[in-house]
Amino acid sequence: MKAYTSIWRLRFINGMQYRSAALAGMATQLFFGFVFIMIFAAFYSNSTGTQPISLEDLITYVWLQQIFLSFIMLWFRDQELFDLITNGNIAYELCRPMALYPHWYSKLLAQRFASATLRCFPLLAIVFVIPEPYRMGLPPTWGSFLLFLVALALGLLVVVAISMLIYISVFWTMSPVGSILMIAVAGEFLAGMVIPVPLMPSWLQPIVYILPFRWTTDFPFRVYSGHIPIAEAAWGLLIQLAWLAVLVLAGKALMKKALRAVVVQGG
């Protein structure tokens, strides 16, 4: 365990060096946050019916997406891991005295955590002081806030477990492009990153609730705003833990199968 903790720490420190990229990312995330809020505000102002989520909660939902984008986006990629598989350098990884799955999981977790750390605090300082109606709201209770922190952390672990399946699939496809596009586009839509889950068609919502993607984005963000009550949120944490266990066990099994059949070519 100490080895994986050290890997996490080293990758986190390395990721904290990319401050210029973080500043550029913050500007982009602020821009898209305002764009999405204006779109939803126009939709609400011209809507004749009652919406399943208030505009204030939706604005908070959008800002949380932008603030914690590094935690939730599935297209976040580590090209080094893809190159290890496709170029044959995976042989060096197999020589290390540690299991490959937790090794890579630690790397991916640290990479996301470093990126979010650089961006989230400056963005929080901005979105809490901008004028209405663009300002982000506070959670209704301390209970909602604490449950949000736990749900966000578990959602991050689930996202990394899903990402691990993408990397493992490259052992068979030998190309990361198709895996990332297919899972990222579908997964982020089903997570509520394009259309919040409460605004999705009624026939689609049961499908979204069955799959693991909404537990990474929609669930923690609606816990924050109080749209999901505390009692329901507590049960949701158990479902997140269940999905995490399933995804990690599936990833380890697939990794073991892939390594048994891997062929390393070289000169």
Side-chain angles (χ1 to χ4, degrees), residues 21-76 112 115-142 144-149 151-153 155-156 159 184-202 204-205 208-209 213-229 232-233 236:
L23 288 173
M26 284 167 45
T28 303
Q29 287 161 236
L30 279 172
F31 172 78
F32 279 105
F34 282 116
V35 169
F36 289 142
I37 289 171
M38 286 188 284
I39 291 172
F40 286 124
F43 169 73
Y44 270 64
S45 64
N46 290 281
S47 176
T48 56
T50 303
Q51 300 302 325
I53 183 172
S54 68
L55 181 59
E56 292 77 14
D57 287 350
L58 195 57
I59 289 172
T60 297
Y61 189 106
V62 170
W63 282 130
L64 288 172
Q65 277 188 348
Q66 299 304 318
I67 292 167
F68 297 106
L69 187 63
S70 298
F71 275 14
I72 60 178
M73 59 183 178
L74 283 173
W75 47 267
F76 196 97
R112 288 177 178 270
S115 179
T117 301
L118 286 171
R119 303 182 188 195
C120 70
F121 294 109
L123 285 173
L124 283 169
I126 295 172
V127 299
F128 277 125
V129 298
I130 56 179
E132 297 286 357
Y134 299 102
R135 186 180 305 162
M136 177 175 158
L138 292 169
T141 64
W142 279 106
S144 296
F145 178 68
L146 293 175
L147 284 173
F148 158 73
L149 293 179
L152 183 67
L156 170 61
V159 165
V185 172
E188 291 186 356
F189 176 81
L190 295 170
M193 292 184 65
V194 180
I195 302 173
V197 173
L199 297 181
M200 288 183 177
S202 57
L204 181 58
Q205 291 188 26
V208 172
Y209 273 72
F213 303 106
R214 74 166 289 262
W215 301 102
T216 67
T217 303
D218 174 76
F219 174 70
F221 296 165
R222 286 203 285 143
V223 168
Y224 176 94
S225 64
H227 192 258
I228 294 179
E232 184 181 342

Considering non-hydrogen atoms only, spot the tightest contact between I59 and P133 and give its length. CD1-O, 2.8 Å
From L149 CG over to S144 OG, what is the distance, rounded to the nearest 0.5 angstrom? 11.0 Å
Atom pair SG/CE of C120 and M26 - distance to nearest 0.5 Å: 10.0 Å
Polar side chain donor-acceptor pair, Q51 to S47, under 3.5 angstrom: yes
Any sub-3.5 Å donor-acceptor pair from E188's side-chain atoms to M193's backbone N or O? no
Within the side chain of W63, is there an N or O that forms a donor-acceptor pair under 3.5 Å with the backbone of F34? no
Give the intermediate values and the outcome of side chain to side chain contact (heavy atoms under 4.5 Å, CB included) for residues F213 and V208. CA-CA 8 Å; F213 303 106; V208 172; over 6 Å; no
Closest approach of P196 to L58 (non-hydrogen atoms, all atoms of both residues): CG-CD1, 3.3 Å
In the structure I gave you, are the side-chain heavy atoms of D218 and P198 within less than 4.5 Å of one another anywhere? yes
From CA spacing to verdict: side chain to side chain contact (heavy atoms under 4.5 Å, CB included), F145, V223: CA-CA 8 Å; F145 178 68; V223 168; over 6 Å; no
My understanding is that only one of T216, T217, L64, L156 makes a side-chain contact (heavy atoms from CB on, under 4.5 Å) with F71; could you say which? L156
Roughly how far, to the nearest 0.5 Å, is the CD1 atom of I126 from the CG atom of L30? 5.0 Å
Parallel, tilted or perpendicular for F221 and F148, by the 30°/60° rule? tilted
Within the distance-only criterion (no hydrogens, no angle test), does the side chain of N46 pair as donor or acceptor with the backbone N or O of A42 below 3.5 angstrom? yes
Least distance between heavy atoms, Q66 atom then G33 atom: CG-CA, 4.0 Å
Gap separating the CZ atom of F32 from the CG atom of L69, nearest 0.5 angstrom: 10.5 Å
Cation over ring face, R135 and F128, 6.0 Å, 45°: no
Backbone N/O of P52 and side chain of H227: donor-acceptor pair under 3.5 Å: yes
I'd like to know whether L190 forms a side chain to side chain contact (heavy atoms under 4.5 Å, CB included) with R214, so could you lay out the CA-CA distance, the side-chain angles of the two residues, the decisive distance to 0.1 Å, and finally the verdict. CA-CA 6 Å; L190 295 170; R214 74 166 289 262; over 6 Å; no
Heavy-atom closest pair, residues I228 and A233: CG2-N, 3.9 Å
Is the backbone of R222 close enough, under 3.5 Å, to the side chain of S225 for a donor and an acceptor to pair up by distance? yes
Could you walk me through whether T60 and Y224 pass side chain to side chain contact (heavy atoms under 4.5 Å, CB included), step by step? CA-CA 9 Å; T60 297; Y224 176 94; 3.4 Å; yes
Value for CG (L199) from OH (Y44), rounded to nearest 0.5 Å, stands at 4.5 Å
Using only atom types and a distance under 3.5 Å, with no angle test, would you say the side chain of R112 pairs donor to acceptor with the backbone of M73? yes
Polar side-chain atom of Q205 near backbone of M200 as donor-acceptor pair, under 3.5 Å: yes
